[in-house]
Amino acid sequence: MAYWLMKSEPDVFSFDDLVVKTAKGEAEEWHGVRNYAARNNMRAMQVGDEAFFYHSNIGKEIVGIMRIVAPAHPDSTADLNARGEVVWECVDVQSVKPFPRPVTLAEIKATPALETLELVKLSRLSVSKVSAEEWALLLKMGGLEP
DNA sequence: GCCAACGTTGGC
DNA sequence: GCCAACGTTGGC
């Protein structure tokens, strides 16, 4: 199983919005990604993989965990390219658990063991990879047991 | 509101 | 295929 981190601006779509949808038995299409590296990461995701939900701009913190419930499929909100091909894709996600204590970007940057986190190194990438070691540490920092 | 980082576009 | 110009993201 692989681990990921996905960003969303909470005033557009927050972790709480995802919790509400999940409680209704619905999944959220992670649409709107228009960056090849981020898309490639979504293509590499498998059902059952887990991802951190990061609030960008407002909060700047990891607020919870979600699970990939459907593999990458065409993003219905995206235009086709000149050849009529699908370029942009998205996965479907559901919430798993909120962090009892959100982990802020400032804390992450102040933690030497997290210097290699893609969120820090590739700050503009909206869908990034998280190693098993980074995942375990961030879970602990967020107040959850591995 | 500013700016750094970086991706994309388009002229050559 | 290079590179300058421009747009976007996202932290500060």
Side-chain angles (χ1 to χ4, degrees), chain A residues 1-22 26-47 49-144:
Chain A
M1 180 167 91
Y3 301 104
W4 310 94
L5 181 145
M6 301 168 86
K7 298 184 191 177
S8 180
E9 296 186 29
D11 56 347
V12 177
F13 187 79
S14 72
F15 187 72
D16 285 345
D17 294 333
L18 184 62
V19 170
V20 168
K21 275 204 141 182
T22 303
E26 296 168 13
E28 170 72 6
E29 273 198 340
W30 204 263
H31 51 65
V33 172
R34 299 292 182 267
N35 170 285
Y36 288 104
R39 185 206 61 184
N40 291 344
N41 278 338
M42 288 199 291
R43 281 185 175 174
M45 290 178 184
Q46 298 193 314
V47 171
D49 282 359
E50 291 187 316
F52 288 129
F53 194 121
Y54 176 83
H55 280 174
S56 60
N57 279 309
I58 301 167
K60 282 166 277 177
E61 56 194 9
I62 297 173
V63 291
I65 303 170
M66 55 189 168
R67 177 179 293 123
I68 311 306
V69 298
H73 58 84
D75 182 341
S76 57
T77 68
D79 295 331
L80 302 177
N81 70 7
R83 293 181 182 170
E85 298 159 338
V86 172
V87 177
W88 304 116
E89 300 179 9
C90 54
V91 294
D92 293 358
V93 297
Q94 286 187 316
S95 63
V96 175
K97 243 184 216 182
F99 268 12
R101 213 181 62 78
V103 177
T104 65
L105 181 62
E107 277 180 84
I108 290 169
K109 286 187 168 174
T111 305
L114 295 174
E115 271 174 10
T116 54
L117 191 66
E118 285 191 351
L119 172 72
V120 178
K121 285 201 304 179
L122 307 172
S123 65
R124 290 185 50 206
L125 187 59
S126 62
V127 180
S128 60
K129 289 179 201 136
V130 178
S131 74
E133 293 76 20
E134 292 161 346
W135 181 268
L137 179 56
L138 285 163
L139 267 192
K140 203 172 158 193
M141 290 167 74
L144 290 177

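Chain naming here is simple, since letters A, B, ... match the order of the sequence lines and numbering starts at 1 in each.
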Name all residues meeting the ring-ring contact (aromatic ring centres under 6.0 Å, His included) criterion together with A/Tyr54; count only those two or more places apart in sequence or in a different chain, and write none if there are none.
-> none
Who passes side-chain hydrogen bond (donor to acceptor under 3.5 Å, both in side chains) against A/Trp88, sequence neighbours left out?
-> none
Under 3.5 Å donor-acceptor pairs involving side-chain atoms of residues 95-102 of chain A, not counting sequence neighbours:
residue: A/Ser95; atom: OG; partner: A/Thr22; partner atom: OG1; Å: 3.2
residue: A/Arg101; atom: NE; partner: A/Met141; partner atom: O; Å: 3.4
residue: A/Arg101; atom: NH2; partner: A/Glu107; partner atom: OE1; Å: 3.1
residue: A/Arg101; atom: NH2; partner: A/Met141; partner atom: O; Å: 2.9

Pairing residues for A/Glu61 by the salt bridge (charged side-chain N to carboxylate O under 4.0 Å, His left out) criterion, not counting sequence neighbours = none
What are the residues of residues 6-13 of chain A, sorted by number, that bring a heavy atom to within less than 4.0 Å of DNA chain C?
-> A/Lys7
Nucleotide by nucleotide, 5' to 3', does protein get under 4.0 Å of the base (B), only the sugar-phosphate (S), or neither (-) in nucleotides 4-9 of chain B, counting heavy atoms?
-> -BBSS-
Residue set satisfying salt bridge (charged side-chain N to carboxylate O under 4.0 Å, His left out) with A/Lys60, at least two apart, ordered chain then number -> none
Residue pairs meeting side-chain hydrogen bond (donor to acceptor under 3.5 Å, both in side chains), one or both in residues 113-130 of chain A, sequence neighbours left out, come to A/Thr116-A/Glu134
For A/Ser8, the side-chain hydrogen bond (donor to acceptor under 3.5 Å, both in side chains) test, sequence neighbours excluded, returns none
